[in-house]
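One structure below.
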There are 2 protein chains.
Amino acid sequence: MTSTRALRSDAERTVHTILEAAERVLSRNPTASMEQIAEAAGVARTTVHRRFASRDALVAAMASWATRRFAEAVNAAHPETTPPLIALYQVTVNVLRVKIDWSFAMNLALTADREAAHVHADIEGRCERLFAKAREAGVLRADVDPAWARRVYYALIHEAAQSRDADADALAARLVDTLLRGVGTGQSLT
Amino acid sequence: MTSTRALRSDAERTVHTILEAAERVLSRNPTASMEQIAEAAGVARTTVHRRFASRDALVAAMASWATRRFAEAVNAAHPETTPPLIALYQVTVNVLRVKIDWSFAMNLALTADREAAHVHADIEGRCERLFAKAREAGVLRADVDPAWARRVYYALIHEAAQSRDADADALAARLVDTLLRGVGTGQSLT
DNA sequence: ATAACCTGCGACATCAATGATGCAACTATC
DNA sequence: GATAGTTGCATCATTGATGTCGCAGGTTAT
C-alpha cells in the first residue's frame, strides 16, 4: 500500500506539472500543439497522452482544476458573513492570486466544461448578492446598474491579473480603489 | 475601363463579405476552419483562398482593416485639439462603434501584424498624452498611475464592446462615468 | 454575340496534429 | 535482487485543415 501511494504520488506530480505547463503555453498561444505543451513540461508527448486521453480531456482537466481553486478562493473570503467592503477586498486578493497563475484555464471554464460553468454561474450569483449587500450598506452607488458593476469588476480583475510579477495585495488595493472611486477627480458628464 | 472598375468592385464586395464573416465566426471560435468561414460568408472555400492566399493572409487582412477603422475612429475625435473630457467621450463613442463589430480583429492586431502593431502603439501613445492632458486639467486624479488608468480604460472599452445590441452613445456615457467616478459612493480602503 | 471576369464544384496533394502501441530503461519499494 | 509503476523513444495510422488546379456556368459591359 505504501508503494502504491508513493507511485501514484509520482503520477499525480507529473499530472500537475503538465497542467502548469499547459497553462503557461496555452495562455501565450491557445492553438499550441500537445508537442509544445509536453516540451514545456519537460516530458515526452506520449506521456501527456498517457495522462490525458485526448486534448479535450487535458483542457477539461485544466478547467476543472482552475474552477476548484477559484471556488476555494471565494469561499476563503466568507463573502456572505463579512462586511461588504472587507469581503470585496478579500475576495479580490484571493481570486487574483489564483487568476495570475491560471488565467487561461479560468477563462476556459466559462465555455468548455458544463460542471465548471455551473460553479462559475454560482459564484457569479454570490458576487451579485455581495454587490447588492454593498449597495444596501451604502458602499455602492444606487444609480449604477448592478449587472454593469459586476461586469466592470470582472473586467478589472481580468486586467489586473495580467500583471504577472506584481504583488497581489497591492493589485487588489488598487483595483478596489479604482472600482469604487474611478480615476477621475469628481466631475462627470451627466 | 468602366467594366474593369465594375468587376473589381464585385471582387472587393466579396472580400468585404468574407472579412465580416471571418470576424463573426472567429470571434465565437478562434480555431474555426476556412470551411466554416466560407460557409458563413455564403461562398465556396476555394473563393476564400482565391482572395486570400493563406489563412495568415486573411487574418492579416482582418487586422489591417480593423486597425484602419480604429485609427479613423480616433482621428475623427481630434483628441489633440479638443478639451480632454470631451475628447475622452468622443474617442470612446467612435472606438466603441468600431470595436462592437470588429472586436476579434482589433485584438488580433496587437500581435499578428507588425504594421498594425505600430499603429496600435501610436494610438496608445496618443491615449497617454490625452490622459496626461486630462490630468493637468484636473480631470484625472494625480495619485493614479497613468499606465494603470490607461489599462483600466482599455479594459472597460473591451468589456463595453461585448454588449452587441446596445447603443454606442449610452455605452460610452456609462463607460466614461464609471471610469471617472467608479461605482462606489466615496469611501475607500486607503 | 462576344469577351472578360468571377464563382462553384470536384479533385488532388500535402502536412501537421492527434492518438495508440510496443519495448527498453530507470526508480523506489519490499 | 525481484517487482511494479512510470517514462522516453521510435513508430505507425488516422484525420482534418490547408492550399492548388482545371473546368463549366453565370454575369456584365461592349
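All figures in this text were calculated on a predicted structure; none of them were measured in a lab. Per chain, numbering begins at 1; letters A, B, ... match sequence-line order.
Remark: A:Arg151 does not engage A:Asp145 in a salt bridge, criterion side-chain N to carboxylate O under 4.0 Å. Using a cut-off of 4.0 Å between Lys/Arg side-chain N and Asp/Glu carboxylate O, A:Asp177 and B:Arg141 are scored as salt-bridged.
The CD-C1' distance, from A:Gln36 to C:dA17, rounds to 11 Å in whole Å. Protein atom CD1 of B:Ile37 is 12 Å distant from nucleotide atom C1' of D:dT18, rounded to whole Å. To the nearest angstrom, P of C:dG19 lies 17 Å from CZ of A:Arg51. When rounded to the nearest whole Å, the span between CZ of A:Arg55 and P of C:dG19 equals 9 Å. Rounded to an integer number of Å, the gap from B:His49 NE2 to C:dG10 C1' is 16 Å. Counting to the nearest Å, the C1' atom of C:dC5 and the CD atom of B:Glu12 are 14 Å from each other. Nucleotide C:dA20 holds its P atom 14 Å from the CZ atom of A:Phe52, rounded to whole Å. Taking atom CZ on A:Arg13 and atom C1' on C:dA28, their separation rounds to 12 Å, with Å as the unit.
Of the candidates C:dG19, D:dG8, D:dT20, C:dG19 carries the atom nearest the A:Met34 side chain, counting heavy atoms from C-beta on. For B:Val43, the side-chain atoms get nearest to C:dG8 when compared with the rest of C:dT18, D:dT7, C:dG8. The nucleotide whose nearest atom lies closest to any side-chain atom of A:Ser54 is, among C:dG8, C:dG19, D:dA10, C:dG19.
For A:Thr31 and A:Asn29, the side-chain atoms include at least one donor-acceptor pair closer than 3.5 Å.
Applying the 3.5 Å distance criterion, the base of D:dG8 shares a donor-acceptor pair with the side chain of A:Arg50. Interface remark: the B:Arg45 side chain does form a donor-acceptor pair with the D:dG19 base, using a distance-only criterion of under 3.5 Å.
A close approach under 4.0 Å does occur between a side-chain nitrogen or oxygen of B:Thr47 and OP1 or OP2 of C:dG8. Regarding contacts with the backbone of D:dC21, every side-chain N or O of B:Thr46 stays at 4.0 angstrom or more from both OP1 and OP2.
A 6.0 Å sphere centred on CD of B:Glu115 holds no more than 12 heavy atoms belonging to other residues, nucleotides or ligands.
Figure legend: cation-pi geometry between B:Arg150 and B:Tyr154, with NZ or CZ positioned under 6.0 Å from the six-membered ring centre and within 45° of its axis.
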